[in-house]
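Since we're looking at a predicted model, the values are computed, not measured. Quick note on labels: first sequence line is chain A, next is B, and so on, each numbered from 1. Side chains included, hydrogens not; waters and symmetry mates left out as well; all remaining heavy atoms used.
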Amino acid sequence: MNQTKYWIVKSEPDVFGYEQLVKDGTARWDGVRNYQARNNLRAMQVGDLCLFYHSNIGLEVVGIARVQREHYPDPTAEKGDWSCVDLEPFKAFNRPVPLPEIKNHPDLQNIALVRNGRLSVMPLSFDEFSILLSMGATHL
DNA sequence: GCCAACGTTGGC
DNA sequence: GCCAACGTTGGC
């Protein structure tokens, strides 16, 4: 049996926000053109949980998505070896967690959101996931 | 709108 | 294989 893994995915809410994911019920997470992010997508398994972060506008974690379908070739890639997954909404945060709070939390200093602001798909430890969940006043 | 950080590209 | 130039991302 595979252990659930935890991730953060970023999206600009004016392009595709968490509310849109809830409305649509599913989303193909395509368009990733960064090798590190792609490799993270490929490591995702069905049932893994992804915190949903709004970049550019909002700058906060707003909810949780769940991996619905594991990686497959990104149909939007005209060339190159790129992958995408399908996500579905899992649970909205009761309280969005703003970036400055994440940056100020002593136990969240190692996550890529703080260390490398540009990575769009990044792994989280269970502890980090749990901390963010409680900051969001949310439980599974 | 600016700029820092990062990744990619291409000349040598 | 190095590194300068360039493009993109994303916080501020």
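A search for side chain to side chain contact (heavy atoms under 4.5 Å, CB included) contacts involving A:P73 returns nothing, not counting sequence neighbours. Under the side chain to side chain donor-acceptor pair (under 3.5 Å) criterion, A:S134 pairs with no residue, sequence neighbours left out. Residues meeting the side chain to side chain contact (heavy atoms under 4.5 Å, CB included) test with A:A137, sequence neighbours left out: A:N94, A:R95. Among residues two or more places apart in sequence or in another chain, the side chain to side chain contact (heavy atoms under 4.5 Å, CB included) test is passed with A:N104 by none. Partners of A:E70 according to the side chain to side chain donor-acceptor pair (under 3.5 Å) rule, which considers only residues two or more places apart in sequence or in another chain, do not exist here. Here A:D74 pairs with A:R33, A:T76 under the side chain to side chain donor-acceptor pair (under 3.5 Å) rule; sequence neighbours left out. Scanning for side chain to side chain donor-acceptor pair (under 3.5 Å) contacts around A:E19 gives an empty result, with sequence neighbours left out.
Residue pairs meeting the ring pair (Phe, Tyr, Trp, His ring centres under 6.0 Å) criterion with at least one partner in residues 115-140 of chain A, sequence neighbours excluded, are A:Y6-A:F126, A:Y6-A:F129.
Here chain A contacts DNA chain B (any atom closer than 4.0 Å to a heavy atom, that is under 4.0 Å), and the contacts span B:dA5 to B:dT8 from 5' to 3'.
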Run the side-chain donor-acceptor check on residues 54-62 of chain A: report pairs under 3.5 Å with partners two or more places apart or on a different chain.
| from | atom 1 | to | atom 2 | distance (Å) |
| --- | --- | --- | --- | --- |
| A:H54 | NE2 | A:Y18 | N | 3.0 |
| A:N56 | ND2 | A:E12 | OE1 | 3.2 |
| A:N56 | ND2 | A:E12 | OE2 | 3.0 |

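When every heavy atom of A:R115 is checked against every heavy atom of A:N110, the shortest pair comes out as CD-O, 3.1 Å.
Within the helix from B:dG1-C:dC12 to B:dC12-C:dG1, the inter-axis angle between the opening and closing five-pair segments is 10°, rounded to 10°.
Within residues 106-125 of chain A, the residues having any heavy atom under 4.0 Å from DNA chain B are, by residue number, A:R115, A:N116, A:R118.
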